[in-house]
Each structure stands twice: as C-alpha cells, then as structure tokens.
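Along the sequence shown, residues carry numbers from 1.
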Amino acid sequence: MLRITDILDKTQDYLSPEEQERIEKAYIFSATVHQGQVRLSGEPYLTHPMEVAGMLADMKLDAATIISGFLHDTVEDTLTTIEQVRVGFGKDVAFLVEGLTKISKITFGSQEERQAENFRKMMLAMSSDIRILLVRLADRVHNMRTLDFQPPGRQLYIAKETIELYAPLANRLGINWMKVELEDLAFQYLNSEAYLELARRVAQSSEKRDQYTEEVRGIIRAEMEKFDLNVEVDGRAKHFFSIYKKMEEQHLNFDEVYDLMAFRVILDSDQEKSCYEALSVVHALWKPVPGRFKDYIAMPKANNYRSLHTTVIGPHGQRVEIQIRTRAMHEWAEEGIAAHWRYKEKRPSQNDDAEQIKRLRELLESQQELKNPREFMSNLKMALFPDEVYVFTPNGDVKSFPKGATPLDYAYSIHTDVGNQCIGAKINRNIVPLKYQLQNGDMVEIISQSGHHPSKDWLKYAVTSRARSKIKNWIKTEERTKSIDLGKDLLEKEFKRHHLKFGSFAKSDEIKKIFEEYKLNSLEELLVSVGYGKLSPRHVVRLLLPEEVTKGDDASAEKQKRKPPSTAAPGISLTGIEDVMVRYAKCCDPIPGDEIIGFISRGRGITIHTAQCPHIQEFDSDRLIDVQWNIKEKHSYPVGMRVVCRDKKGLVAELSSILSSLDINISHAEIDTRPHDMQAICDFKLDVIDLNQFNAVVAAMKKLKSVISVERIAGA
C-alpha cells in the first residue's frame with residue numbers, strides 16, 4: 001500500500017513545505033472520515049484516495065489537485081459537506097471536490113440517464129477547470145486496476161464505459177500512458193479469451209524480440225552519432241489492445257502482424273529541424289515503406305501530439321515503426337496537458353494548454369443542445385473519435401476533422417447557416433457532391449444557396465457531432481411543427497365526432513387532467529404526442545368528457561380487446577401502448593438479451609432496434625420509446641455472423657458441423673474467398689433463441705485453428 005511519505009517524497013522537488021503540510025492534512029482528514037469503510041477487495045477504503053493522490057503526484061500536479069485526490073469521495077461517501085472542505089482546504093479545493101462529486105442523490109429512470117448526467121456534469125465542470133477531469137481519470141485508472149472484485153455484469157459495464165469514453169478522453173488530453181493502461185485493462189474484461197491468448201503469444205516471442213530491439217537501438221544510436229545528433233532510443237512492444245485492434249481491422253492473425261515494435265528516437269535538441277535531420281538519417285539507413293510517413297509536427301493531432309512517424313524495412317527484412325521527436329514533444333506525448341499545466345498564477349503557462357482547453361470547450365458546446373441522454377452519449381463518443389484528416393481553408397488555414405468527414409462537416413464548422421444552406425462544395429477547385437469524404441491536404445470551398453434547407457439524407461454523410469446535432473435540430477423542429485398540426489387535426493376530428501369543439505376544451509382547466517396523467521407540460525406537448533402516435537385521441541376524449549358520453553367508445557374498445565392484439569413481433573413488452581403493430585428492424589436483427597429500443601412510425605407501428613443500432617442516431621429522439629423483452633415462449637430470431645478464416649479444403653463442412661452440434665439452423669450462407677491472402681470470409685444468417693446461444697456459437701467457432709475472427713453483423 002502507498003504511504004503518505006511516498007506521496008510527499010514525490011512532491012518535495014516542486015511543492016513548498018506549506019503545500020506539503022496541506023497535503024498531509026488532507027491525508028489525515030480522508031483517513032478520519034473514511035475510517036471503518038472497506039472496498040470490495042477487503043482493503044481499507046483509504047487505499048483508493050491514496051492511490052489516486054499518488055498518481056496525481058506522479059503527474060506533478062499542484063497541491064490543490066493532489067488534495068482533491070484525497071478528498072474526491074468524501075462528500076459522496078461520508079457525512080462530509082462541501083462547506084467543511086471549503087473551510088478546511090479553501091475555495092479552490094472545494095470547487096474541485098464539488099465538480100468531482102457524482103450525482104448520487106438524484107433518481108434516474110435508467111442507467112443510461114445516470115451515465116449521461118454524470119458525464120454532462122463532468123464535462124461542464126471540466127470546461128471550467130481541467131484538473132477535475134485529471135482527478136476523475138486517475139480515479140478510473142485505480143478502479144480499473146481493482147475491477148476483479150466487482151461482479152461480472154458490473155465489470156463489463158465499467159470496462160465498456162472505460163474503453164468508449166475514459167480512454168478516448170485521456171487520449172484527447174494527450175496522456176498516452178493513461179490511455180494505453182485504460183484500453184488494456186478494459187480489453188482484459190471485454191474479451192478475456194483474446195487478451196489471454198495475445199498475452200501468451202507476445203510472451204512467447206519476447207526473448208527474440210528483446211534481441212531484435214537491442215540490435216535496432218544500437219544501429220540507430222551509432223548512425224545518429226555520426227551526424228552529431230544526441231538521441232535516446234526507446235524500443236517497446238505495442239500495447240495489447242492496439243495489436244488486437246489491428247488484427248481485427250485487417251483480418252490478420254498474430255503471426256501476420258509485423259510491426260509489433262515501435263521505436264522512439266528522442267532528441268536532446270529543442271529544434272524542430274533536428275527531427276527532420278534524424279528522419280533523413282533513418283531513411284538513408286533503411287528503405288521507407290510508401291504511404292507510411294506522417295508529419296505530426298507540421299500538422300499536430302487534435303490533442304497537440306507532435307512527432308514524426310515513419311515505417312521502414314529494418315534489419316532482417318522486418319517492418320519497423322519509428323517515431324522521432326524532441327524531449328519536450330516526448331513529455332507532451334506521454335503526459336499530455338498534465339505535463340505543462342501549472343496553477344501558480346491560476347492560468348496555464350503554455351499557449352498549447354490554452355488551445356487544448358479551447359478544443360475541449362468546443363467539444364462540450366456541441367453537446368449542449370442535446371437533452372436526450374442517448375443522443376448525448378452517442379455524440380460524445382463520436383466527438384472523441386481519434387482518427388483525423390487535415391484540410392485547408394481558401395485562406396490557407398488548417399482545419400482538422402474526424403476521418404470520414406464530408407463538406408457538410410466543414411460547412412457546419414464555419415456557421416450553422418452556412419451548413420443549413422450548403423448545396424455543394426469545391427475540393428481543390430473541382431465541384432464534388434456532399435457525400436465526398438475529405439482527404440488530407442484538400443482545399444475546401446463551400447457552395448451555399450439562400451433558402452436551401454437540410455434533409456434527412458444528410459445524416460448519412462455528416463460525421464462530426466456539431467454537424468449532426470445541427471441537422472437533427474432543424475429536422476426535429478420541422479417534424480415537430482408537422483406533428484403539432486397533425487395532432488391538432490386528429491383531436492379536432494375526434495371531438496367533432498362527439499359534437500364538441502376541441503378549441504374550447506384546450507382553454508379549460510380540465511385539460512390539466514391530461515397533463516397530469518401523461519406528465520406533459522403544455523398543450524403543444526400534448527399535440528406533439530398525439531401527432532407522433534404516442535397518445536391516442538380517443539384516450540384524450542375519455543379523460544376530458546363525462547363518462548356517459550364515452551360509453552359507446554368504451555363498448556367499442558371492449559370489443560377491440562376481445563380481438564387478438566395486432567402485434568407481429570412476439571416477446572416485446574410496451575409500456576402504456578396497446579394494440580399496435582410491432583416488428584423487428586432488419587438493419588440490426590435484435591435478439592433476446594440485446595438492449596433494445598422502439599421507434600414509432602405513423603402507419604407502420606413500432607420498430608424494435610438494438611440500442612447500438614447506428615440508424616438510431618438518425619431518428620427523432622421524441623419518437624423513441626423504452627421497450628423490454630417479455631419472453632414467455634421460445635422463438636427463433638435471425639442474426640448475422642461473419643467468420644474470417646484461413647482458406648482450406650473442407651472449411652465449410654467444419655463450420656457447419658459446429659453449428660449443427662449446437663442445433664443452430666443456417667437460413668442463409670455466403671462464402672467469399674480471397675486468394676491473395678489465402679483467407680475466406682463466411683457470412684451466415686442463423687436462427688437463434690437468444691444472445692446466450694449466439695455467444696456460445698461465437699465461442700465454439702473461435703476454438704477452431706483455422707478461424708481468425710468471429711463477429712456479429714447486421715443485415716446479413
């Protein structure tokens with residue numbers, strides 16, 4: 001267990017004795033209020049804030065941040081109040097601790113709402129003070145290191161959240177060691193079989209790899225000395241998750257991943273030109289691989305990462321990735337914003353830091369209009385997407401966008417009106433369609449036309465969260481207006497059937513019955529609900545009119561109840577909606593065990609999608625409803641599966657026998673062979689009972705020696 005003396009030793013080189021005394025005081029306070037509390041591991045709870053504070057001290061953060069590491073759980077998990085923290089440790093620490101306190105006292109309808117609100121609060125607090133996010137990331141690292149003691153379901157939830165949100169946030173801040181550790185720890189729980197197999201294979205080849213590393217390092221150092229370049233050469237294996245991701249994306253097995261090693265050439269010089277000199281030395285020494293050079297010094301990544309990357313054919317014909325950077329660039333690459341963040345004068349000491357904060361604030365601002373928790377989390381994940389392309393404005397300024405971005409993303413980055421009125425673009429002076437994907441080095445001009453409006457199709461092309469949210473807002477406003485008109489028309493017809501005017505009821509106090517019954521706030525919301533099909537005009541009339549007036553309707557309704565419900569999809573439970581057509585979406589093939597959501601479409605009932613279906617992002621969130629599985633009888637459900645394997649005789653028979661042994665029916669199969677790499681891609685449409693049965697198929701397939709990867713695919 002870490003001791004307070006260890007933390008004080010780490011900080012004595014850069015903090016004053018008075019600041020160290022405050023840290024020791026925070027340790028004593030934390031130990032007192034957490035006394036008697038234990039973690040799931042059985043250890044005293046104090047071990048957690050100690051480890052968090054220790055990480056922050058390793059990152060050489062200021063005293064207030066380290067103190068916040070000690071106190072970050074005190075307000076939530078003990079009787080401590082923010083006022084006590086303010087009195088004992090000052091306004092600065094109180095602000096940080098308050099920003100770190102989770103929303104534990106608010107009741108949420110779902111785990112998704114809780115997660116969204118936690119992140120929304122964290123992002124808001126972070127935009128005021130980045131130290132809040134640094135403490136939260138250190139907190140997550142230690143929780144991931146001790147995840148073994150959580151129940152399996154909780155492990156998967158925390159690991160998924162970590163790899164989708166916390167690791168990308170660490171990457172966005174440039175804290176590489178943290179990003180790498182979070183990814184590998186999450187990978188260990190999300191796919192333990194692949195992790196253990198990869199760890200075994202990497203360990204098997206470690207001795208040979210260590211010899212090769214020393215050989216390459218020696219050659220690079222000797223060659224640099226000839227040109228009076230003082231360098232440190234560091235060689236290490238890539239982390240497990242990055243190797244696994246490459247194998248999955250390129251359908252490779254372990255033996256086919258050649259560039260397992262990455263070498264860093266760190267120059268003592270602070271001159272950028274020294275990096276280019278070192279690059280020329282490396283390229284003179286070994287032949288570069290075409291298309292594998294990246295200049296992140298001339299065009300830094302969004303997290304301000306700067307370095308030269310090249311891949312060469314090194315000794316013994318092996319591919320070697322080499323990164324070249326100055327010591328200052330290396331410090332940023334490993335520690336990111338934490339390497340330069342100083343609070344002596346309550347402001348960042350480097351322009352780089354200010355630019356980082358500006359980018360993070362822009363990321364937050366693009367999410368502000370999103371009230372739906374599902375949309376918020378989806379857009380946040382998209383905004384943290386790391387791969388980027390760099391394009392030029394007509395004035396020669398550089399703008400960065402996520403890979404796959406289109407002129408629409410560029411247009412909305414200029415102004416909402418420019419985006420809404422965009423009709424086309426010129427790339428390098430040539431007119432291109434809106435679906436054109438921007439490439440590195442493109443010069444972009446937007447063609448706009450006054451009076452032009454966005455369409456739903458734009459959501460297929462837009463990638464950035466800003467562009468997508470602006471398009472959705474416009475479409476949502478348009479659809480809401482149409483739904484208000486439709487809802488009003490339907491209600492007026494229903495009231496007219498009873499020889500009454502809806503307008504007079506709309507102004508009466510009786511309409512408040514509807515608002516209370518369906519938790520609505522205004523007449524407009526009522527009209528929207530009716531227009532979208534969430535609320536029946538007949539139900540509105542029943543609540544507003546005297547019982548004797550609606551007796552005829554009740555008799556009719558009773559008669560309808562005797563009829564079998566017109567639901568085409570078995571096993572679905574709908575809250576507050578009856579007698580509606582329900583069907584499963586073919587784009588994502590939901591099966592029992594999946595998280596699901598319903599989408600209301602007038603005239604076609606409710607379509608059930610998986611919560612992860614990419615098409616959900618294109619839907620109006622007001623038409624999405626919560627649905628649950630309600631399985632009373634066993635049914636089979638179609639699901640797509642792709643198996644990538646080494647091509648050989650009898651392959652299909654081998655795969656079929658696995659499916660047959662598990663009593664799985666194949667309704668469709670498609671095999672595509674690739675002679676150039678001796679691989680076969682086998683797409684199956686299977687009939688399964690639930691997610692557990694599908695996972696059993698995947699596990700059985702992965703045991704075959706010829707199988708490289710197995711994944712679920714949609715619409716197979």
Side-chain angles (χ1 to χ4, degrees), residues 58 174-181 183-184 198-247 252 254-297 301 305-336 339:
D58 284 333
I175 311 173
N176 185 61
W177 73 266
M178 198 175 266
K179 174 224 173 199
V180 165
E181 184 169 354
E183 283 183 342
D184 277 355
L198 201 52
R200 185 182 66 80
R201 300 292 293 270
V202 169
Q204 278 180 347
S205 61
S206 63
E207 189 177 338
K208 192 182 291 184
R209 191 173 61 251
D210 289 345
Q211 291 174 357
Y212 187 77
T213 301
E214 283 307 309
E215 182 183 350
V216 172
R217 285 175 63 192
I219 295 170
I220 293 174
R221 272 198 303 261
E223 200 67 20
M224 294 294 172
E225 283 174 10
K226 292 179 186 177
F227 293 89
D228 297 322
L229 291 169
N230 294 321
V231 301
E232 175 190 327
V233 183
D234 176 30
R236 64 182 69 179
K238 292 184 175 179
H239 68 291
F240 290 168
F241 183 68
S242 69
I243 297 171
Y244 173 75
K245 203 160 63 166
K246 183 168 188 174
M247 289 167 63
L252 303 172
F254 183 80
D255 297 326
E256 294 170 315
V257 181
Y258 295 111
D259 50 347
L260 285 172
M261 297 298 300
F263 291 86
R264 292 170 185 159
V265 177
I266 304 162
L267 293 107
D268 287 338
S269 168
D270 283 334
Q271 299 286 321
E272 288 182 2
K273 67 177 184 180
S274 301
C275 296
Y276 294 97
E277 289 173 20
L279 177 71
S280 64
V281 171
V282 169
H283 281 178
L285 189 61
W286 295 304
K287 192 170 288 187
V289 177
R292 297 285 293 169
F293 169 66
K294 292 176 182 175
D295 188 342
Y296 294 120
I297 293 177
K301 289 186 178 183
Y305 172 89
R306 297 191 301 153
S307 192
L308 298 177
H309 287 201
T310 186
T311 301
V312 297
I313 306 298
H316 316 297
Q318 287 199 33
R319 285 190 176 201
V320 177
E321 183 184 313
I322 298 174
Q323 302 165 1
I324 302 168
R325 58 182 74 145
T326 65
R327 193 157 295 282
M329 291 175 193
H330 178 66
E331 194 176 302
W332 179 277
E334 288 302 298
E335 298 290 340

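Not counting sequence neighbours, F263 has no partner by the ring pair (Phe, Tyr, Trp, His ring centres under 6.0 Å) test. The side-chain hydrogen bond (donor to acceptor under 3.5 Å, both in side chains) check on Q323 picks up R264, E321, R325, with sequence neighbours excluded.
Taking the six-membered ring where the residue is Trp, H239 and F241 present tilted rings, their angle falling between 30° and 60°.
Looking at heavy atoms from C-beta onward, W177 lies in side-chain contact with E335 at the 4.5 angstrom threshold. Within the 4.5 Å cutoff, the side chain of N230 has no heavy atoms near those of the S269 side chain. Counting heavy atoms from C-beta outward, I297 and M329 have side chains that approach closer than 4.5 Å. For the pair W332/R306, no side-chain contact is recorded, criterion being any heavy-atom separation below 4.5 Å from C-beta on. When side chains are defined from C-beta on, N176 counts as touching K179, because their heavy atoms get closer than 4.5 Å.
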Show your working on side chain to side chain contact (heavy atoms under 4.5 Å, CB included) between I322 and I220 and close with a plain yes or no. CA-CA 10 Å; I322 298 174; I220 293 174; 4.1 Å; yes
Take H316 and E215, measure what side chain to side chain contact (heavy atoms under 4.5 Å, CB included) needs, and give me the verdict at the end. CA-CA 11 Å; H316 316 297; E215 182 183 350; 3.2 Å; yes
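Using a cutoff of 4.0 Å between basic side-chain nitrogens and carboxylate oxygens, D268 and R327 are scored as salt-bridged.
L198 and F240 get closest at one heavy-atom pair: CD2-O, 3.3 Å. Nearest heavy-atom pair, T326 versus Q271, reported as atom, atom and distance to 0.1 Å: CG2-O, 3.9 Å. Across all non-hydrogen atoms, the minimal contact from P315 to Y212 is O-OH, 2.9 Å.
Panel note: side chain S307, backbone I324; a donor-acceptor pair is recorded below 3.5 Å.
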Contacts under 3.5 angstrom, residues 280-291 side chains, donor-acceptor by atom type, not counting sequence neighbours:
{"from": "S280", "atom 1": "OG", "to": "E277", "atom 2": "O", "distance (Å)": "2.6"}
{"from": "H283", "atom 1": "NE2", "to": "T310", "atom 2": "OG1", "distance (Å)": "2.7"}

